[in-house]
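Since the structure comes first, as structure tokens, the remarks are kept for the end.
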Amino acid sequence: MQTIGITGGTGFVGQHLTELLKKHNYRVIIFTRDMHKVSRLENVKYSFWSPPEKKFDVSYLKQLDAVIHLAGASVEQRWTPSQKEKIVRSRVLGTQFLIERLKEHAPQCKTLIAASAIGYYGEDRKDATPFHEDTNPANDFLATTCQKWETESQKAAALMRTVILRFGIVLGRHDGAFPQFARPQNLGVVPIIAGGLQTISWIHITDLCRIILWCIENENIRGVYNAVAPHPVSNKRLMDTIAKGKGGIKIPIPVPGIFLKAGLGEVAKEVLKSCTVSADKIQQAGFSFQFNDIKSAVKDILGK
């Protein structure tokens with residue numbers, strides 16, 4: 001039975017991934033700074049790690065066959081100068097610390113799967129050509145953060161098979177973006193943000209976790225892959241699909257972008273932009289999506 005380590009394993013993606021790995025008979029070690037979130041699960045161990053304090057339990061590192069690196073400060077809070085610094089440092093220094101410890105104490109660890117984000121690409125270009133993995137990065141805050149993050153992750157390639165996954169907008173029932181999209185509809189309104197034409201490159205949480213498992217089990221997979229569903233959708237279509245899935249009377253309510261900018265500051269730019277990302281590379285490599293289209297994804301999330 002192989003042992004898989006997960007940094008940031010108590011978060012949204014980490015919790016779902018842990019359940020999937022357990023079903024496939026893997027042992028899981030979750031490295032976390034939030035030990036109060038520890039729960040008793042079969043074949044799951046928890047270990048405190050803290051890159052700022054340079055704390056990592058070597059005994060757990062020595063057990064790893066592979067590690068999935070998800071840890072990083074939230075990008076959903078208002079981007080004050082201090083929060084921006086925290087976002088960058090948590091990713092860059094956290095990745096440096098992880099790879100250094102793996103090099104020193106886990107020579108038997110053969111695979112690193114590291115998170116990144118489609119924020120790497122920035123906003124759609126004028127020709128609206130979908131972004132592929134070899135597209136040049138943008139130069140805004142989120143894009144430069146992703147570049148720095150990936151640069152550190154790539155350093156592991158000299159030690160082990162390394163895969164970097166650029167996550168799209170992750171949709172799931174209880175956490176992530178979906179509850180934020182769906183919550184206003186409980187009040188009978190469908191917010192349409194800034195006309196609703198901006199493209200959202202999304203992925204169902206189940207497929208994201210399946211991609212990570214697929215990367216673990218396919219030794220020929222290495223390098224950068226977009227982790228997005230094959231069919232991006234507009235904000236309006238997403239909201240309309242949720243409304244139909246929930247049923248009942250829903251009133252569309254236009255939400256001007258200026259309101260978001262006033263409330264969210266620089267983060268609003270990420271909500272308002274179009275980002276059309278291709279899933280071609282990962283499909284051509286052999287991965288098959290369970291949720292190809294937004295209708296089937298929303299139906300599953302709503303439990304319909």
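Heavy-atom basis, side chains included; hydrogens, waters and symmetry copies ignored. What you see is a predicted model; the values in this text were computed from it and never measured.
No donor-acceptor distance shorter than 3.5 angstrom exists from the side chain of Arg101 to the backbone of Asp57, with no hydrogens or angles considered. Asp65 places a side-chain N or O within donor-acceptor distance of the main-chain N or O of Thr3, the cut-off being under 3.5 Å. A donor-acceptor pair is defined here as one N or O able to donate and one able to accept, closer than 3.5 Å; such a pair exists between the side chain of Arg173 and the backbone of Ile301. One N or O on the side chain of Asp140 and one on the backbone of Ala143 form a donor-acceptor pair closer than 3.5 Å. Of the possible donor and acceptor atoms, none in the side chain of Lys236 sits under 3.5 Å from a partner among the backbone N and O of Gln198. At least one donor-acceptor pair under 3.5 Å links the side chain of Thr162 to the backbone N or O of Ala157. Although no hydrogens or angles enter the test, the distance criterion places no donor-acceptor pair under 3.5 Å between the side chain of Arg27 and the main chain of Leu64. At least one donor-acceptor pair closer than 3.5 Å links the side chain of Thr7 to the backbone N or O of Leu70. A donor-acceptor pair under 3.5 Å links the side-chain atoms of Thr151 to the main chain of Gln147, judged by distance alone. With Trp202 contributing its side chain and His231 its backbone, the two residues share a donor-acceptor pair below 3.5 Å.
Within a 6.0 Å sphere centred on NZ of Lys45, other residues, nucleotides and ligands contribute 12 heavy atoms or fewer. Residue Asn220 qualifies as enclosed at atom CG: its count of foreign heavy atoms under 6.0 Å is above 12. Counting heavy atoms of neighbouring residues, nucleotides and ligands inside a 6.0 Å radius, atom CD of Glu219 does not exceed 12 of them.
Note: Ser153 OG to Arg91 CZ = 11.0 Å, rounded to the nearest 0.5 Å. Rounding to the nearest 0.5 Å places CD of Glu76 at 10.0 Å from CD1 of Ile87. Rounding to the nearest 0.5 Å gives a distance of 16.0 Å between NE2 of His105 and OH of Tyr60. The line from CD of Glu152 to NE2 of His69 is 9.5 Å long, rounded to the nearest 0.5 Å. The CD1 atom of Ile294 sits 5.0 Å away from atom CG of Leu238, with the distance rounded to the nearest 0.5 Å. Taken to the nearest 0.5 Å, the SG atom of Cys209 stands 8.0 Å off from the CG atom of Leu21.
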Practice task
Just do the side chain to side chain contact (heavy atoms under 4.5 Å, CB included) check on Ile169 and Phe178 with the steps written out, would you?
Solution key: CA-CA 9 Å; Ile169 303 301; Phe178 188 86; over 6 Å; no
Exercise for the section: Using the side chain to side chain contact (heavy atoms under 4.5 Å, CB included) rule, take Phe131 and Asp124 through it: C-alpha gap first, then chi angles, then the decisive distance, then the call. Expected result: CA-CA 8 Å; Phe131 296 121; Asp124 282 343; 3.4 Å; yes
Exercise for the section: Start with the C-alpha gap between Phe291 and Ile203, add the side-chain angles, then the distance that decides, and say whether side chain to side chain contact (heavy atoms under 4.5 Å, CB included) holds. Expected result: CA-CA 8 Å; Phe291 299 100; Ile203 186 167; over 6 Å; no
Practice task
Please step through salt bridge (charged side-chain N to carboxylate O under 4.0 Å, His left out) for the pair Glu150 and Arg166, ending with a clear verdict.
Solution key: CA-CA 10 Å; Glu150 292 186 16; Arg166 292 175 182 155; 2.8 Å; yes
Practice task
Evaluate the ring pair (Phe, Tyr, Trp, His ring centres under 6.0 Å) criterion for residues Phe287 and Phe289: first the C-alpha distance (whole Å), next the side-chain angles of each, then the deciding distance (0.1 Å), finally the verdict.
Solution key: CA-CA 7 Å; Phe287 182 78; Phe289 286 85; 5.0 Å; yes
Practice task
Evaluate the side-chain hydrogen bond (donor to acceptor under 3.5 Å, both in side chains) criterion for residues Gln283 and Tyr225: first the C-alpha distance (whole Å), next the side-chain angles of each, then the deciding distance (0.1 Å), finally the verdict.
Solution key: CA-CA 10 Å; Gln283 288 184 295; Tyr225 288 85; over 6 Å; no
Practice task
Output, in order, the C-alpha distance, side-chain angles, deciding distance and verdict of side chain to side chain contact (heavy atoms under 4.5 Å, CB included) for Lys22 and Thr18.
Solution key: CA-CA 6 Å; Lys22 283 173 54 189; Thr18 297; 4.1 Å; yes
Practice task
Begin from the C-alpha positions of Asp207 and Arg210 and carry the test salt bridge (charged side-chain N to carboxylate O under 4.0 Å, His left out) through to its verdict.
Solution key: CA-CA 5 Å; Asp207 276 332; Arg210 289 178 62 244; 2.7 Å; yes
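With sequence neighbours left out, the ring pair (Phe, Tyr, Trp, His ring centres under 6.0 Å) criterion links Phe56 to Phe31, Trp49, Phe97.
Taking each heavy atom of Lys281 and Val224 in turn, the nearest pair found is NZ-O, 2.6 Å. Closest approach of Cys146 and Gly119 over heavy atoms only: SG-C, 4.2 Å. Ser201 and Cys275 get closest at one heavy-atom pair: OG-O, 2.6 Å. When all heavy atoms of Gly14 and Ile6 are compared, the pair lying nearest together is O-CD1, 4.4 Å. Closest approach of Ile221 to Val163, counting heavy atoms only: O-CG2, 3.4 Å. Minimum interatomic distance between Phe12 and Leu171 (heavy atoms only, all atoms of both residues): CZ-C, 4.5 Å.
In the hydrophobic clustering of ILVMFWY residues, with side-chain heavy atoms under 4.5 Å counting as a link, Leu112 and Trp214 come out apart. Trp149 and Leu142 are not part of a single hydrophobic cluster, where members link through side-chain heavy atoms under 4.5 Å apart. Under the 4.5 Å side-chain heavy-atom criterion for ILVMFWY residues, no single connected hydrophobic cluster contains both Ile164 and Ile282. Phe48 and Val67 fall into different hydrophobic clusters, where Ile, Leu, Val, Met, Phe, Trp and Tyr side chains are chained together by heavy-atom contacts under 4.5 Å. In this structure, Leu98 is not a member of the same hydrophobic cluster as Leu165, with clusters built from ILVMFWY side-chain heavy atoms closer than 4.5 Å.
Using a 4.5 Å heavy-atom cutoff, the side chains of Ile68 and Leu17 are in contact. Under the 4.5 Å side-chain criterion, counting only non-hydrogen atoms from C-beta, Pro179 is not in contact with His174. Looking at heavy atoms from C-beta onward, Leu302 lies in side-chain contact with Lys246 at the 4.5 angstrom threshold. Residues Ile118 and Val228 have side chains in contact (heavy-atom distance under 4.5 Å, counting atoms from C-beta outward). No side-chain heavy atom of Tyr46 sits less than 4.5 Å from a side-chain heavy atom of Ile29. Counting heavy atoms from C-beta outward, Ile113 and Cys215 have side chains that approach closer than 4.5 Å. Side-chain atoms of Ile30 and Val44, non-hydrogen and from C-beta on, do get closer than 4.5 Å to each other. In this structure, the side chains of Val190 and Phe181 stay at 4.5 Å or more apart for every pair of heavy atoms.
For the side chain to side chain donor-acceptor pair (under 3.5 Å) test with Thr111, the passing option among Arg222, Gln2, Arg161, Glu217 is Arg161; the others fail.
Ionic pairing of Glu100 and Lys103 is not present here: no N-O contact between side-chain nitrogen and carboxylate oxygen is shorter than 4.0 angstrom.
Side-chain polar atoms of Asn136 and Tyr120 form no donor-acceptor pair below 3.5 angstrom. Thr206 and His16 share no side-chain donor-acceptor pair at under 3.5 Å. Side-chain atoms of Tyr121 and Glu133 form no donor-acceptor pair, as typed in the model, at a separation below 3.5 Å.
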